[in-house]
Amino acid sequence: MTAQKFDVGQRVWVSVRNRLEQSKPFITEYVITSVNKLYISARPINQMYERKFHKRTLTNTAKIKCKYEYKLWAEVEDFWKAVEEGYYARE
């Protein structure tokens with residue numbers, strides 16, 4: 001996967017995956033609010049809260065394993081391709 005460029009105001013997609021049990025594909029449209037050296041901050045369309053994503057992994061999971069993983073996608077087609085390849089299969 002090549003490095004993707006993200007800009008403030010860009011519309012992106014965020015998927016939510018339950019890491020503990022198999023879950024159905026779920027994706028929501030977000031807008032990028034800030035980009036810095038380590039993180040990309042984005043918020044859902046028409047919402048005020050922000051979520052931070054690590055630039056390297058494009059996820060918001062910390063060192064501590066959380067139940068849910070939020071992953072940033074530049075294109076919705078990339079998300080559906082990952083679903084077809086088994087991204088939502090149990091680890």
Side-chain angles (χ1 to χ4, degrees):
M1 184 166 140
T2 59
Q4 298 173 350
K5 183 172 167 97
F6 292 98
D7 297 312
V8 174
Q10 178 182 348
R11 291 189 180 231
V12 292
W13 298 89
V14 173
S15 64
V16 182
R17 179 173 76 120
N18 186 328
R19 299 173 62 91
L20 303 178
E21 29 185 88
Q22 192 166 353
S23 59
K24 293 182 181 179
F26 180 77
I27 192 163
T28 307
E29 191 173 13
Y30 277 54
V31 63
I32 294 178
T33 55
S34 69
V35 178
N36 63 34
K37 189 176 180 179
L38 298 175
Y39 295 101
I40 299 168
S41 295
R43 64 173 177 75
I45 303 296
N46 300 324
Q47 302 269 335
M48 294 305 294
Y49 68 90
E50 286 186 331
R51 200 172 295 283
K52 281 189 176 181
F53 300 89
H54 298 277
K55 270 186 135 176
R56 187 174 53 84
T57 62
L58 298 180
T59 63
N60 79 328
T61 54
K63 290 181 182 178
I64 300 171
K65 294 291 182 184
C66 306
K67 182 175 181 180
Y68 296 102
E69 175 187 64
Y70 293 82
K71 183 163 176 64
L72 189 69
W73 303 88
E75 300 291 333
V76 71
E77 292 82 13
D78 296 336
F79 166 74
W80 289 113
K81 183 178 177 185
V83 169
E84 289 174 5
E85 293 172 355
Y87 179 72
Y88 276 82
R90 195 171 202 173
E91 294 182 341

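Just so it is clear, the model here is predicted, and its values are computed rather than measured.
Taking NE2 of His54 as the reference point, atom OG1 of Thr59 lies at 5.5 Å (rounded to 0.5 Å). Here the straight-line distance linking atom OH of Tyr68 with atom OG of Ser15 works out to 13.5 Å at 0.5 Å rounding. Here Lys71 contributes atom NZ and Thr57 contributes atom OG1; the two are 6.5 Å apart, rounded to the nearest 0.5 Å. The structure places CD of Glu50 at 8.5 Å from CE of Met48, a figure rounded to the nearest 0.5 Å. Rounded to the nearest 0.5 Å, atoms OG1 (Thr28) and CZ (Arg51) are 9.5 Å apart.
Counting heavy atoms from C-beta on, the side chains of Ser34 and Tyr39 never come closer than 4.5 Å. Residues Val35 and Lys55 form a side-chain contact, since some pair of their non-hydrogen atoms from C-beta on lies under 4.5 Å apart. Between Val31 and Arg43 there is a side-chain heavy-atom pair separated by less than 4.5 Å. Contact annotation: the side chain of Leu58 approaches that of Ile40 to within less than 4.5 Å [non-hydrogen atoms, C-beta and beyond]. Contact check for Glu29 versus Arg11: side-chain heavy atoms found under the 4.5 Å cut-off.
The minimum heavy-atom distance between Trp13 and Ile27, with the atom names listed, is CB-CD1, 3.4 Å. Of all the heavy atoms in Phe6 and Ala74, the pair that sits closest is CE2-CB, 3.9 Å. The heavy-atom pair separating Ala42 from Thr33 by the smallest distance is N-OG1, 3.9 Å.
Ile45 and Tyr49 are assigned to two separate hydrophobic clusters, defined by single-linkage of ILVMFWY side chains at heavy-atom distances under 4.5 Å.
Other residues, nucleotides and ligands place no more than 12 heavy atoms under 6.0 Å from the CG atom of Asn46.
The aromatic rings of Phe79 and Trp73 stand perpendicular to each other, their planes meeting at an angle above 60°, with 30° marking the opposite boundary.
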